[in-house]
Structures are given as C-alpha cells and as structure tokens.
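Scroll down for the structure; my scribbles are underneath it.
Residue numbers start at 1 and run along the sequence shown. Just so we're clear, the structure is a prediction, and the values are computed from it rather than from any experiment.
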Amino acid sequence: MDIAAAATAMSQSALSQAVGIKVLSMAKNQAETQAQNMVQMIQKSMDPNLGRQLDISI
C-alpha cells in the first residue's frame with residue numbers, strides 16, 4: 001500500500017468518525033428537547049387539587 005492510499009484511507013476514516021459523532025450529537029440534542037417538552041406537558045397537566053376531596057353519595 002502506498003502512502004497516498006494510506007493517507008486517503010485515514011482521511012476517510014476520520015471523516016466517517018466525525019460525521020458519526022455529529023449525528024449522535026444531533027440525536028442527543030433532539031432527545032433532550034423532547035424530554036424537556038414532555039416534562040413541561042406533565043407539569044401543565046397536573047392538577048394540584050386532584051385527590052384532595054372525595055365526593056360519595058349513596
């Protein structure tokens with residue numbers, strides 16, 4: 001294997017690794033955003049008075 005081919009292979013490997021890291025970073029950011037949105041929805045849906053009174057009629 002000559003030096004040019006080895007350099008090209010190393011460059012392609014480095015590029016592939018950099019792209020993989022960037023994609024994982026984007027997926028992580030999206031997951032964090034979705035988790036924050038879910039927490040906000042759960043907080044908004046909670047009723048502080050829920051379960052404090054029990055109405056029973058016979």
Task: Residue pairs fulfilling salt bridge (charged side-chain N to carboxylate O under 4.0 Å, His left out) with at least one residue in residues 5-16, sequence neighbours excluded - done: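 Sorted result for residues 5-16: empty, none.
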
Open item on the list: Looking at every heavy atom in both Ile42 and Ser45, which two are closest together, and how far apart are they?
Closed with: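 Smallest heavy-atom distance, with atoms named: O-OG, 3.0 Å.
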
Task: Rounded distance [0.5 Å steps], CD1 in Ile3 versus OG1 in Thr8 - done: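 OG1 of Thr8 is found 11.5 Å from CD1 of Ile3.
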
Contacts table for residues 26-36: side-chain donor-acceptor under 3.5 angstrom, sequence neighbours left out:
from: Lys28; atom 1: NZ; to: Glu32; atom 2: OE2; distance (Å): 3.4
from: Asn29; atom 1: ND2; to: Ser25; atom 2: O; distance (Å): 3.4
from: Thr33; atom 1: OG1; to: Asn29; atom 2: O; distance (Å): 3.0

List the atom pairs, donor and acceptor, that lie under 3.5 Å between side-chain atoms in residues 12-24 and the rest of the protein, sequence neighbours left out.
none

